[in-house]
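See structure below.
Hydrogens, waters and symmetry mates play no part in the numbers below; they use all other heavy atoms, side chains included.
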Amino acid sequence: MSNRIEQMPNQLINQIAAGEVVERPASVVKELLENSLDASSTKIEIDIEQGGAKLIRIRDNGQGIHKEDLALALSRHATSKIRNLDDLEHVKSLGFRGEALPSIASISRMSIVSRQKEAEGFKVQGQDEQSAEVIPAAHSFGTTIEVRDLFYNVPARRKFLRTEKTEFNHLEDVVKRIALSHFNVDVTLNHNQRAIKHWRAAHDQKSMEQRIAEVCGKAFIEQSQYMCFEAANLKLHGWIALPSFSRSTADMQYFFVNDRTIRDKLVTHAVRQAYQDVLYHGRHPAYVLFLELDPAMVDVNAHPTKHEVRFREGRLVHDFLFRGIHKALADVRPETQHSSEITAAGSVLNSPLSSSLPPQQTSMSGISNYGGPTRQSGMALEVNEQIKAYANLSRGLPVNDSLQNTEQSQEIPPLGFAIAQLHGIYILSQTASGLVVVDMHAAHERITYERMKQDMQQGNLASQPLLVPIGMSLSEKEASLAEDQTEIFTELGFEIDRSGPESIQIRQIPIILARADAESLVRDVLSDLLSYGNSERIRNAINTVLGTMACHGSVRANRSLTIPEMNALLRDMETTERSGQCNHGRPTWTEFTLDAIDKWFMRGQ
């Protein structure tokens, strides 16, 4: 005889729910901190003992909990944040399900003490609403939640906890993300009665960057650029590290949607694509970015821990993120950069936030008054022709383009004026603040590559029909997608026809991809379109070929250049997008300030 269906007791229900919400002490801290932030707290104190296994105490100065609601707070699905379906579809708060407190209470010894303005304080302790006891308690304005002996009644869960250090590291990472997402909140973290971190509330650009430096390190702020991009009722702002500050792992990627920490494959893919053209192979970008959009455009109820979200217009968001970051990286030129003592190519310091920048544009701060010559146009020339062009360009440079007249000039170009060539590889240039060393091959490679891409974007992408069309067997879903997205393929030089319910034919491909595996490329593009609603694989494949051509068509090492030719190359760098890195992501120039050089020789000491 089969077992009868019975209603589970509340305690068991809450413990099952805790299995989804509470993975480790860091999960408890995340849920409680989100409650504090939803209560409009401006000051939060966190006390931890034994990595959170013994004690987690969070105290805030938020709005507090009403006396009549304290016991109800331990009941499942009881919340003050949503009332109906419309509220759920426009969630602005970090928490909203009403599961955290009862779940935590069912697997620990938890107590809540709270006081609202012009009211007395009260304390509640228990595992659910029925067992909860509310008593008066002395407390300042706000709420204190104390969680002791986590998993004390679930030994199977407790034995899976890691070492105290490991658990605290996870917990500290959660607190860091909260500190980055809410600059206006003062956050204190203590462990085993020892002060670990204190992030003071930040209300201006300088203090915000100071907090970021405390979390991500000073080097991140020194080599990052503030950006702000708005379009289609979306706003993206924050700090993106320059390609020279890439990481071996994706450990410094902070992305927030409406101040909520998320990890989303669509976002990661868009950011990765934006960095594709400038990031060294196998490296990862670093960033602290904030996306603001209408809450109705994002579903935050897609994951138990709310780490993952679903965008209702995924393709729009993906394209917006890619365009914004791609343009921000392209706009980083030598004239937009402030050097430190020894600054790698693309390093940026003191990038003030400007609220007066117009929408629809990426704002980059620190641009100097020097405009530089107008951008050269047309397809990249062969090496000999381009060297001759540099020589001709140098004849038209202004009179102050010489070392003899630089002292009299008030406008020195960002990369200065060439003074010598080192070992036939590097250009030495004197700037207003010191010395710039340029890898001439890497720099010329980027210039040639960008010109080739411009020529390609102007509609000069030639295609060739195939004598024998390439037949491909696909799923019906993929074949339908290929038929629906023919415009994308046509724009990139492909001609694709549907030949059956589960098959297509490739009839035409770009000449530049004649040696590429067209079938694999189309399959990968369709996979991207299914996953992200967009694909850059064909463009990336074309750019790879262009990059190879640019590499072989650039000035080689040990090629002797005259001073005017070197100056012409420097001027081209100042007007070329992404000139801080070559096509392979390596830096093209480095600056040594005069102060740094003085320190080498202990001048003034």
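Residues Asp69 and Lys67 fail the side-chain proximity criterion, which asks for heavy atoms closer than 4.5 Å.
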Could you walk me through whether Phe151 and Phe160 pass the ring-ring contact (aromatic ring centres under 6.0 Å, His included) test, one step at a time?
CA-CA 10 Å; Phe151 298 133; Phe160 279 101; over 10 Å; no

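Relative orientation of the Tyr226 and Trp239 rings is perpendicular, given thresholds of 30° and 60° on the angle between their planes.
For the residue pair Met252 and Phe220, the shortest heavy atom distance occurs at SD-CD1, 4.0 Å. Of all heavy-atom pairs between Pro102 and Ala73, the closest is CD-O, 3.7 Å.
Note that the CD1 atom of Ile221 and the SG atom of Cys216 stand 7.5 Å from one another [nearest 0.5 Å]. Atom OG of residue Ser111 and atom CD of residue Glu133 lie 12.5 Å apart, to the nearest 0.5 angstrom. Here CG of Leu150 is found 11.5 Å from CZ of Arg109. Values are rounded to the nearest 0.5 Å. From His191, atom NE2 reaches atom CZ of Arg194 across 8.5 Å, with rounding to the nearest 0.5 Å. Remark: Arg59 CZ to Lys43 NZ distance equals 9.5 Å, nearest 0.5 Å. For the atom pair CG (Asp204) and NZ (Lys206), the distance works out to 8.5 Å, reported to the nearest 0.5 Å.
The closest donor-acceptor contact from the side chain of Ser36 to the backbone of Leu32 lies under 3.5 Å. Arg578 contributes no side-chain N or O that, together with a main-chain N or O of Val278, makes up a donor-acceptor pair within less than 3.5 Å.
Just one residue in the list Tyr254, Phe229, Phe256 forms a ring pair (Phe, Tyr, Trp, His ring centres under 6.0 Å) with Phe290, and that residue is Phe256.
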